[in-house]
Amino acid sequence: MARVKGGLMAQKRRKNILDEVKGYRLQRSKKKRVAREAIYHAQLHAFDHRKDKKGDFRRLWTVRINAALMPHGVKYSRFIKMLKDKNVTLDRKVLATIAVDSPEAFGRIVDSVK
């Protein structure tokens, strides 16, 4: 039986793997074996970090809202409770954006909720 070397397919596989690790440092971007392991670990962590990102952003929005509330003399937790009591349905992302982009509008929201 004839021997099959698979040269062309091996080159294509290697090229695809190395294309995926462009920008990685040292051997991870040059050598197939190390690159394959780097891809494996990157994909493993990517799932976890996609989930973590949602919590990270929520914490960021909380900090921004709290910082915008300080001049008004209201604490974050009380402000959120007042929003719920008044049935204001603005979420934290929108509130944080308003607080950063237009503080006067945010001040009007705080005054209307007090």
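Everything numeric here is computed off the predicted structure, so don't read it as measured data.
Scored by the salt bridge (charged side-chain N to carboxylate O under 4.0 Å, His left out) test, Arg58 finds no partners at all (sequence neighbours excluded).
What you find for Tyr76 and Arg92 is that their closest heavy atoms are OH-NE, 2.7 Å. Counting all heavy atoms, side chain and backbone alike, Gln43 lies closest to Glu20 at NE2-OE2, 3.3 Å. Summarising the geometry of Ala67 relative to Pro71, their closest heavy-atom pair is O-CD, 3.5 Å, with the distance given to 0.1 Å.
Proximity of Arg13 to Asn16: side-chain heavy atoms (C-beta onward) are nowhere separated by under 4.5 Å. Contact annotation: the side chain of Leu69 never approaches that of Lys75 to less than 4.5 Å [non-hydrogen atoms, C-beta and beyond]. Within the 4.5 Å cutoff, side-chain heavy atoms of Val34 are placed close to those of Arg28.
Other residues, nucleotides and ligands contribute more than 12 heavy atoms inside 6.0 Å of the NZ atom of Lys32. Counting non-hydrogen atoms of other residues, nucleotides and ligands closer than 6.0 Å to NZ of Lys51 gives a total of 12 or fewer.
The closest donor-acceptor contact from the side chain of Thr97 to the backbone of Lys93 lies under 3.5 Å.
Ile80 CD1 to Thr62 OG1: the interatomic distance, rounded to the nearest 0.5 Å, is 7.5 Å. Here the OG-CE distance, from Ser77 to Met82, works out to 9.0 Å after rounding to the nearest 0.5 Å. Between Arg50 atom CZ and Asp48 atom CG the span is 9.0 Å, to the nearest 0.5 Å. With rounding to the nearest 0.5 angstrom, the CZ atom of Phe106 is 6.5 Å from the NE2 atom of His72. In this structure, Leu95 CG and Ile109 CD1 are separated by 6.0 Å, a value rounded to the nearest 0.5 Å. In this structure, OG1 in Thr89 is found 11.0 Å from NZ in Lys84, a value given to the nearest 0.5 Å.
Cluster partners of Tyr40, by chain and number: Leu44. The rule joins Ile, Leu, Val, Met, Phe, Trp and Tyr whenever side-chain heavy atoms lie under 4.5 Å apart.
A side-chain contact (heavy atoms from CB on, under 4.5 Å) with Leu18 holds for exactly one of Lys15, Lys22, Arg14; it is Arg14.
Tracing side-chain contacts under 4.5 Å through hydrophobic residues (I, L, V, M, F, W, Y), one never reaches Val100 starting from Val110; they form parts of separate clusters. Note: the hydrophobic cluster containing Val63 does not contain Ile98 (ILVMFWY, side chain heavy atoms under 4.5 Å, direct or indirect links). The hydrophobic clustering, which links ILVMFWY residues whose side-chain heavy atoms are closer than 4.5 Å, places Ile65 and Val94 together.
Here Arg59 pairs with Asp56 in a salt bridge; the nearest charged N to carboxylate O distance falls below 4.0 Å.
Aromatic ring pairs are classed by plane angle as parallel below 30°, tilted from 30° to 60° and perpendicular above 60°; the pair His45 and His41 is parallel.
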